[in-house]
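These notes concern the structure reproduced below.
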Amino acid sequence: MMPDPFSPLDKHSRFRFRCSPENACFNACCRDLQQVLTPHDILCLRTFLGISSTQFLDQYTEMSSGPGTGLPVVSLRFGDSAHLICPFVTPAGCRVYPARPASCRTYPLARGVSRNRETGALTEHWALIRETHCLGFESSTAHTTEHTIDTWIADQDMGLHNEINDLLLELISDKNRLHPEPLTPAESQKVYTALYDLDTFRELFFSAPSVGRFASPMAADLARQDDRALLKIAMAWVRQVIFDRRH
């Protein structure tokens with residue numbers, strides 16, 4: 001039996017890790033994977049690449065439906081299907097590194113979140129991932145780089161990613177509560193457009209007469225120019241229009 005690569009990590013525990021071209025395994029974690037993208041991942045990637053959300057989705061992703069939920073699941077499409085290599089990896093490393101997805105930033109940690117039903121407070125759960133192919137824990141330079149969870153979050157610029165991705169988890173929780181049956185294909189397509197294809201959603205949203213139901217004039221003005229503000233409005237729209245059938 002293979003050892004479990006996940007081991008629980010206390011908030012104040014320390015670990016040493018460094019990913020570097022000096023490591024013989026460099027880029028190994030960028031192949032043979034299924035890279036699911038969050039709406040915020042796509043926002044960051046398409047902005048970095050300077051293309052529209054529609055172009056990014058068409059060129060780099062594929063969509064499937066979540067089993068039992070019907071929610072859209074967006075994953076990277078691999079140019080090399082035989083080896084499942086990330087389309088953004090090069091021999092020199094990740095060509096979209098400043099905009100890399102949250103899961104890439106988090107590695108070699110894994111993060112889970114639970115919510116207190118009475119208070120609504122979030123609790124983070126962390127684990128350290130030790131995979132046999134990864135030499136980041138053994139790198140000669142790793143011994144000069146000691147981290148806690150907090151320093152890793154800061155070093156990898158994960159704070160905003162976690163904040164917005166937690167809003168998505170809250171939205172999914174609301175879906176399970178308000179709309180427990182699987183989404184229809186039409187509902188799934190609307191969720192996909194609202195959360196992932198923000199450029200298309202912006203055009204549809206601001207041409208509709210019901211903008212005021214989901215955003216104040218100030219928030220709406222901000223969302224015309226700020227994709228993160230628009231994504232928050234899109235989540236509110238999905239919650240009320242698709243998930244909450246009382247409206």
Side-chain angles (χ1 to χ4, degrees), residues 5-6 28-49 51-89 94 96 99-107 110-113 129 131 161-162 164-205 227 230-232 234-245:
F6 294 88
C29 57
C30 303
R31 66 172 68 93
D32 195 18
L33 79 164
Q34 171 135 14
Q35 183 71 52
V36 174
L37 300 175
T38 69
H40 190 247
D41 289 336
I42 291 174
L43 185 162
C44 294
L45 286 164
R46 69 93 165 174
T47 300
F48 181 82
L49 293 169
I51 59 178
S52 72
S53 56
T54 306
Q55 287 175 295
F56 180 87
L57 291 167
D58 288 345
Q59 184 172 350
Y60 292 110
T61 72
E62 55 190 22
M63 186 186 79
S64 59
S65 293
T69 68
L71 285 168
V73 177
V74 179
S75 304
L76 274 180
R77 180 186 298 125
F78 300 104
D80 183 344
S81 58
H83 299 93
L84 300 180
I85 297 174
C86 173
F88 302 120
V89 71
C94 177
V96 295
R100 65 200 182 280
S103 58
C104 301
R105 294 170 186 270
T106 306
Y107 192 87
R111 176 180 181 265
V113 176
I129 308 170
E131 298 180 286
H161 292 264
N162 290 344
I164 296 180
N165 288 336
D166 285 349
L167 295 178
L168 178 66
L169 293 177
E170 183 176 348
L171 180 63
I172 294 172
S173 176
D174 287 342
K175 187 271 176 199
N176 294 334
R177 176 174 56 86
L178 297 168
H179 192 319
E181 65 273 20
L183 298 181
T184 66
E187 290 172 331
S188 180
Q189 183 61 45
K190 290 178 181 178
V191 174
Y192 173 79
T193 299
L195 300 185
Y196 296 94
D197 193 357
L198 279 177
D199 288 325
T200 297
F201 178 73
R202 179 184 283 108
E203 294 177 9
L204 296 172
F205 181 74
D227 281 338
L230 181 64
L231 179 56
K232 292 178 181 179
M235 291 183 183
W237 183 89
V238 166
R239 180 180 288 108
Q240 292 189 38
V241 173
I242 308 300
F243 297 163
D244 192 348
R245 294 184 170 178

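Two residues are said to be in side-chain contact when any heavy atoms from C-beta on lie closer than 4.5 Å; L171 and L195 meet this criterion. Between F88 and L49 the shortest side-chain heavy-atom distance falls below 4.5 Å. In this structure, E170 and D166 have side chains that are not in contact, with every pair of non-hydrogen atoms separated by 4.5 Å or more. A heavy-atom distance below 4.5 Å is found between the side chains of P101 and L45. Contact annotation: the side chain of V89 never approaches that of C94 to less than 4.5 Å [non-hydrogen atoms, C-beta and beyond]. Contact annotation: the side chain of L57 approaches that of Y192 to within less than 4.5 Å [non-hydrogen atoms, C-beta and beyond]. In this structure the side chain of Y107 never reaches within 4.5 angstrom of the side chain of R100, judged on heavy atoms. Side-chain atoms of P87 and Q59, non-hydrogen and from C-beta on, never get closer than 4.5 Å to each other.
The two atoms that bring Y196 and I42 nearest to each other are CD2-CD1, 3.4 Å, heavy atoms only. Between A99 and C44, the closest heavy-atom pair is CB-O, 3.5 Å. When all heavy atoms are compared, the tightest approach of P72 to M63 is CB-SD, 3.7 Å. Nearest heavy-atom pair across L231 and P39 is CD1-CB, 3.9 Å. Counting all heavy atoms, side chain and backbone alike, Q34 lies closest to S75 at NE2-OG, 3.5 Å. The shortest heavy-atom contact between S103 and Q35 is OG-NE2, 2.6 Å.
In this model, no donor atom of one side chain and acceptor atom of the other lie less than 3.5 Å apart for T200 and T193.
When the shell of 6.0 Å around NZ of K175 is examined, it contains more than 12 heavy atoms from other residues, nucleotides or ligands.
Taken to the nearest 0.5 Å, the OG1 atom of T54 stands 9.5 Å off from the CG atom of L198. For the atom pair CG (L230) and CZ (R202), the distance works out to 5.0 Å, reported to the nearest 0.5 Å. Taking NE2 from H161 and OG1 from T106, the interatomic distance works out to 9.0 Å, rounded to the nearest 0.5 Å. Interatomic distance, H179 NE2 to D174 CG, rounded to the nearest 0.5 Å: 13.0 Å. Atom CG of residue L169 and atom CG of residue N162 lie 10.0 Å apart, to the nearest 0.5 angstrom. Taken from CG in L168 to NZ in K232, the straight-line distance is 13.5 Å, to the nearest 0.5 Å.
For the pair D244 (side chain) and R239 (backbone), a donor-acceptor distance under 3.5 Å is absent.
In summary, of the residues considered (D41, D58, D197, D227), a salt bridge (Lys or Arg N to Asp or Glu O under 4.0 Å) with R46 occurs for D227 alone. Results of the side-chain contact (heavy atoms from CB on, under 4.5 Å) test with V73 over S65, S188, S64 single out S64 as the only residue that passes.
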